[in-house]
Amino acid sequence: MMANEVRMIVKWCGKEYEICNITENDTVSTLKDIVHKETGVRPERQKLLNLRFKGKAAQDEDTIGKLSIKPGFKLMLMGSREEDIAEASQAPENVPDVVNDLDIAEEEVIIEKAEVYLAKINRRIQDYQVIELNPLREGMKLLVLDIDYTLFDHKSLAESGHLLMRPYLHEFLTMAYKDYDIVIWSATSMKWINEKMRMLGVSSHPNYKIAFHLDSLAMITVHTPKYSVVDVKPLGVIWGKYKQFSAKNTIMFDDIRRNFLMNPQSGLRIRPYKQAHFNRDKDRELLKLAKYLKLIAKVDDFQTLNHRKWEEYVSKKKRSERRTEGDEQKL
């Protein structure tokens, strides 16, 4: 009797590769050889993130049939080709500082209150199901975080997800959790959000808890005069479901400004974290933002803040503290 063929898709570096020529009797080692032929990533450098058997990472000797893989299963690959590793050891040349993003003009803020988009938000409030991972806490403010290029460099090559994690991620989340309930909102599927949070150690960290995840299905499309149709993350979806949160006590971090087009005052555009192999030793963005979050946690209404000038706010508070300390010493 011939073994059944198993069809799956390998997702790697933003591309998808269909794997067809493998059967239930083949081993994970054989699968890695086939993935090597498709992607160029050698088997010893491959980390197949969501290939699991009895709750643990599948081993090379495990047969595909034991893994209960469904047709069309998407396998997430982490790993680098030899030539890419060699290239990564050299500093890039002529890298532009400008990030391709919408710089939202003042006249576009009217989109925030357009009835057609408010109606879309109301539909998301009614239809989108939020699965709470941990209970919300009374009296907390709300922090909404993007993943890709905010907490994680999802395009650079590395042998493990840990090497692509933004520096001080766990320290940042630990500090923020003292004053904020934390929500992860990514423009991807819930499957990949859950996988990335598990891979980064966020979903199981003992010092903080994530309230819930939101995926691309919670987003809406809007039409802008300059940029045609774009997808955005309207905070009104959260506010409609959880009345304790509003523009007064919510802040969102995202590396793409258009994602908070519906809530321009509530968004803070974080510097994107890219080229992790060059920047992981010098990136301090999350540490600085942790201080900002701590400072504004005392503010009653976030609508009085200008998040575009968050660094100025932190510097001003530091100067004020130094003056106060100096005055106390004189006394």
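Each of L287 and W310 belongs to its own hydrophobic cluster when Ile, Leu, Val, Met, Phe, Trp and Tyr are linked at side-chain heavy-atom distances under 4.5 angstrom. Residues F212 and I131 do not share a hydrophobic cluster, defined by chaining ILVMFWY side chains whose heavy atoms lie under 4.5 Å apart. Note on F245 and L235: same hydrophobic cluster, where clusters join Ile, Leu, Val, Met, Phe, Trp and Tyr whose side-chain heavy atoms are under 4.5 Å apart, directly or indirectly. A continuous path of hydrophobic side-chain contacts links I251 to V314 [ILVMFWY only; heavy atoms under 4.5 Å]. One hydrophobic cluster, built from ILVMFWY side chains closer than 4.5 Å, holds both L142 and V202.
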Go through the steps to decide whether D231 and V222 satisfy the test side chain to side chain contact (heavy atoms under 4.5 Å, CB included), and finish with yes or no.
CA-CA 6 Å; D231 293 314; V222 302; over 6 Å; no

Pair V232-V230, side chain to side chain contact (heavy atoms under 4.5 Å, CB included): steps then yes or no:
CA-CA 6 Å; V232 301; V230 295; 4.1 Å; yes

What verdict does the side chain to side chain contact (heavy atoms under 4.5 Å, CB included) test give for T188 and I193, after you've listed the backbone C-alpha separation in whole Å, the side-chain angles of each residue and the deciding distance to 0.1 Å?
CA-CA 7 Å; T188 55; I193 296 173; 3.5 Å; yes

Take L163 and H277 through the side chain to side chain contact (heavy atoms under 4.5 Å, CB included) test and state the conclusion after the steps.
CA-CA 8 Å; L163 294 175; H277 47 289; over 6 Å; no

Apply the test side chain to side chain donor-acceptor pair (under 3.5 Å) to residues T221 and K120: give CA-CA distance (whole Å), side-chain angles for both, the deciding distance (0.1 Å), then the verdict.
CA-CA 9 Å; T221 57; K120 287 186 178 183; 2.9 Å; yes

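Considering only heavy atoms from C-beta on, V183 stays 4.5 Å or farther from H213 through its side chain. Taking 4.5 Å as the limit, every side-chain heavy atom of S266 sits out of range of all side-chain heavy atoms of M252. Using a 4.5 Å heavy-atom threshold, the side chains of V28 and L67 count as touching. Under the 4.5 Å side-chain criterion, counting only non-hydrogen atoms from C-beta, I9 is not in contact with I19. Side-chain atoms of E61 and T27, non-hydrogen and from C-beta on, never get closer than 4.5 Å to each other. The shortest side-chain heavy-atom distance between I220 and Y117 falls under the 4.5 Å cut-off. Between F302 and T250 there is no side-chain heavy-atom pair separated by less than 4.5 Å. Between I210 and Y177 the shortest side-chain heavy-atom distance does not fall below 4.5 Å.
Rounding to the nearest 0.5 Å places OG1 of T23 at 8.5 Å from CG of N4. Note that CG of D300 and NZ of K248 are 9.0 Å apart. Values are rounded to the nearest 0.5 Å. If you take CD1 on I22 and CD1 on I64, they are separated by 4.0 Å, rounding to the nearest 0.5 Å. In this structure, the separation between OH on Y273 and CZ on R280 is 5.5 Å, given to the nearest 0.5 Å. Separating the OG atom in S186 from the NZ atom in K233 is a distance of 5.5 Å, to the nearest 0.5 Å. For the atom pair CG of L305 and CD of Q265, the computed distance is 9.0 Å after rounding to the nearest 0.5 Å.
Between the side chain of N279 and the backbone N or O of A276, no donor-acceptor pair lies under 3.5 Å. Here the side chain of D127 pairs no donor or acceptor atom with the backbone of R124 at under 3.5 angstrom. Between the side chain of N249 and the main chain of Q244, a donor-acceptor pair closer than 3.5 Å is present. Put simply, the side chain of Q59 gets close to the backbone of A57: a donor and an acceptor are under 3.5 Å apart.
Residue pairs satisfying the ring-ring contact (aromatic ring centres under 6.0 Å, His included) criterion with at least one member in residues 178-198, sequence neighbours excluded, are absent.
Relative to the ring axis of F152, K196 does not place its NZ or CZ within 45° and under 6.0 Å from the centre. A cation-pi arrangement, defined by a distance under 6.0 Å to the six-membered ring centre and an angle within 45 degrees of its axis, is present between K66 and F53.
Contact check on D181 versus R137 returns a salt bridge, with a Lys/Arg side-chain nitrogen under 4.0 Å from an Asp/Glu carboxylate oxygen. The pair R7-E5 meets the salt-bridge criterion, since a charged nitrogen lies less than 4.0 angstrom from a carboxylate oxygen. Salt-bridge formation is detected for the pair K74/E16: a Lys NZ or Arg NE/NH1/NH2 atom is positioned less than 4.0 Å from an Asp or Glu carboxylate oxygen. Salt bridge E285/K288: absent, no basic N to carboxylate O contact under 4.0 Å. Under 4.0 Å is where a charged nitrogen must lie from a carboxylate oxygen, and between R271 and D255 no such pair does.
With F260 as the fixed residue, the side chain to side chain contact (heavy atoms under 4.5 Å, CB included) test singles out one of R258, M262, R257: R257. Partner of T150 under the side chain to side chain donor-acceptor pair (under 3.5 Å) criterion, out of D153, D148, D146: D146 alone.
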Check: residues 290-297 side-chain donor-acceptor pairs under 3.5 Å, at least two apart:
unit_1	atom_1	unit_2	atom_2	d
Y292	OH	H307	ND1	2.7
K294	NZ	D179	OD2	3.2

Using a 3.5 Å cut-off and no angle test, enumerate the donor-acceptor pairs between side-chain atoms of residues 167-175 and protein atoms at least two apart in sequence or in another chain.
unit_1	atom_1	unit_2	atom_2	d
H170	ND1	Y208	OH	2.7
H170	NE2	L200	O	3.1
T174	OG1	H170	O	2.7

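Between I121 and G236, the shortest heavy-atom distance links the atoms CG2-C, 3.7 Å. Residues V41 and Q46 approach most closely at O-NE2, 2.9 Å, considering heavy atoms. Shortest non-hydrogen contact noted between L214 and A218 is CB-CB, 4.3 Å.
No more than 12 heavy atoms of other residues, nucleotides or ligands sit less than 6.0 Å from atom NZ of K317. Counting non-hydrogen atoms of other residues, nucleotides and ligands closer than 6.0 Å to NZ of K309 gives a total of 12 or fewer.
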